[in-house]
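To keep things clear, I will list the structure first and then write my remarks on it.
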Amino acid sequence: MCPSCGSLVGVRDDKCYTCGRSNPGLWGFAPILRQLGTDLGFVPLVIGASSTIYLLTLLMSGAELQTAAGGLNFLAPSTRSLLLFGMTGGYPVFQYGWWWTLLSASWLHGGLLHILFNMMAVRNLGFAMADLVGPSRTVIIYTISGVTGFLLSSTVGVPYTMGASASICGLLGAMLHYGRKSGSSMIHTYAVQYALMLVVMGFAIRGIDNYAHAGGFAGGYAVSAFFNPLTRERGDHMLMAVLCLVASFLAIVYSVIHGLGVGLYR
């Protein structure tokens with residue numbers, strides 16, 4: 001089926017003869033991509049992957065694992081372990097040249113409460129955003145918002161940072177844009193209240209990267225405006241979403257390989 005108008009098309013057709021969309025079969029990959037599920041498994045994927053990587057950073061911390069500290073630092077991986085898996089910030093990006101960490105850092109967390117709070121937010125916002133703007137565009141917003149959030153944070157001089165909160169704020173920014181674009185006062189109010197809660201927490205709790213939150217929120221709003229969430233999600237959005245996920249995980253894998261190569265664990 002054509003991703004734009006829903007008409008039946010051939011897998012190899014160069015255009016849809018109903019609406020004129022080019023390459024409606026996505027080079028034959030559309031059926032394979034649809035097997036990932038109508039929602040691309042966004043929420044389970046983020047929670048499962050983030051939890052798995054968190055456990056790996058704990059294991060790699062060894063004797064450097066922090067277990068006695070309270071608050072957000074309880075069960076905190078070591079700085080060396082987080083750097084190995086792709087923690088970002090001013091030092092990794094601008095001093096070490098590890099630019100790919102802008103993609104990998106959204107999947108890392110610095111403590112048990114850190115990942116619990118973030119995954120609860122992903123669960124609360126992820127399903128709603130997939131319903132509002134489509135699962136593929138949700139993945140794209142989540143990924144790009146993490147990059148914009150950490151880029152701002154790194155640029156202003158935050159030395160080290162990571163976590164899903166920049167991407168989560170991107171989902172909020174996109175939700176706020178959707179509320180304004182659609183005229184839904186309920187969605188707009190919910191997004192504003194959620195964002196204000198994060199702002200209060202950001203200034204009340206020590207160690208939260210407010211610059212990453214701000215950059216992620218702005219990135220999510222901008223990406224939503226670019227895609228126009230009131231239009232129908234297209235098939236190439238699904239392809240872009242898969243590319244975003246592949247790029248993120250390649251960044252993590254490369255970070256590990258590169259980190260071992262430069263001697264983080266000799």
Side-chain angles (χ1 to χ4, degrees), residues 1-6 19 21 24 26 30 33-50 103 106-107 117-149 163-199 201 212-248:
M1 296 180 65
C2 174
S4 296
C5 68
C19 67
R21 173 184 171 80
L26 297 178
L33 294 177
R34 291 193 182 97
Q35 289 179 8
L36 295 174
T38 56
D39 64 348
L40 291 181
F42 171 70
V43 171
L45 173 64
V46 173
I47 294 177
S50 298
L103 275 169
S106 292
W107 304 86
F117 287 148
N118 279 348
M119 294 305 101
M120 288 172 59
V122 167
R123 190 176 185 279
N124 289 337
L125 294 173
F127 290 122
M129 286 304 300
D131 287 338
L132 291 176
V133 305
S136 299
R137 288 187 289 202
T138 299
V139 172
I140 298 168
I141 291 167
Y142 188 86
T143 304
I144 295 179
S145 298
V147 173
T148 59
S165 54
S167 296
I168 292 167
C169 287
L171 296 181
L172 273 177
M175 182 177 288
L176 179 65
H177 175 262
Y178 180 91
R180 296 187 63 183
K181 186 78 173 179
S182 65
S184 173
S185 59
M186 182 180 68
I187 293 175
H188 182 270
T189 300
Y190 178 81
V192 170
Q193 291 176 344
Y194 208 125
L196 288 175
M197 180 185 69
L198 289 179
V199 170
M201 291 179 61
H213 288 185
F217 188 91
Y221 192 98
V223 174
S224 179
F226 175 79
F227 281 123
N228 186 2
L230 300 185
T231 60
R232 183 174 178 175
E233 193 172 69
R234 303 196 308 265
D236 53 352
H237 292 160
M238 182 182 292
L239 183 59
M240 292 171 63
V242 172
L243 290 176
C244 283
L245 293 176
V246 170
S248 297

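All residue numbers refer to positions in the sequence shown, counting from 1. Just so it is clear, the model here is predicted, and its values are computed rather than measured. The basis for the numbers below is simple: all heavy atoms, side chains too, and nothing from hydrogens, waters or symmetry mates.
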Tyr178 to Pro229 - nearest heavy-atom pair and separation:
CD1-CB, 3.7 Å
Distance, nearest 0.5 Å, that separates CD1 of Ile187 from NE2 of His177:
12.5 Å
Arg180 vs Tyr221, test: side-chain contact (heavy atoms from CB on, under 4.5 Å). Steps then yes/no.
CA-CA 11 Å; Arg180 296 187 63 183; Tyr221 192 98; 3.3 Å; yes
Take Thr231 and Arg137, measure what side-chain contact (heavy atoms from CB on, under 4.5 Å) needs, and give me the verdict at the end.
CA-CA 11 Å; Thr231 60; Arg137 288 187 289 202; 3.4 Å; yes
What's the spacing between Leu176 CG and Cys169 SG if we round to 0.5 Å?
12.0 Å
Tell me, do Ser165 and His213 make a side-chain contact under 4.5 Å, heavy atoms counted?
yes
Smallest separation among heavy atoms of Tyr142 and Leu171, with atom names:
CD1-CD1, 4.1 Å
Donor-acceptor contact present, side-chain Ser167 to main-chain Thr143, <3.5 Å
no
Between Trp107 and Val46, the two heavy atoms sitting closest are CZ3-CA, 3.8 Å
So Phe217 and Leu198, do their side chains get closer than 4.5 Å, heavy atoms only?
no
Within a 6.0 Å radius of atom CE on Met120, are there more than 12 heavy atoms belonging to other residues, nucleotides or ligands?
no
Looking at CG of Leu239 and CG of Leu243, how far apart are the two atoms once the value is rounded to the nearest 0.5 Å?
4.5 Å
Reported NE2-to-SG distance for the pair His237 and Cys244, which is rounded to 0.5 angstrom
11.0 Å
Flag side-chain contact, heavy atom, 4.5 Å: Tyr190 against Leu125:
yes
In chain order, what residues pass the side chain to side chain contact (heavy atoms under 4.5 Å, CB included) check against Val223, with sequence neighbours excluded?
Ile140, Ile141, Ile144, Phe227
To check you understand the geometry: which heavy-atom pair defines the closest contact between Gly170 and Ser145, and what is its length?
CA-OG, 3.2 Å
Identify the heavy atoms of Ala174 and Ser224 that sit nearest to each other, and give their distance.
O-OG, 3.6 Å
Heavy-atom pair of closest approach, residues Arg123 and Val43
CA-CG1, 4.1 Å
Please step through side-chain contact (heavy atoms from CB on, under 4.5 Å) for the pair Ser50 and Asn118, ending with a clear verdict.
CA-CA 10 Å; Ser50 298; Asn118 279 348; over 6 Å; no
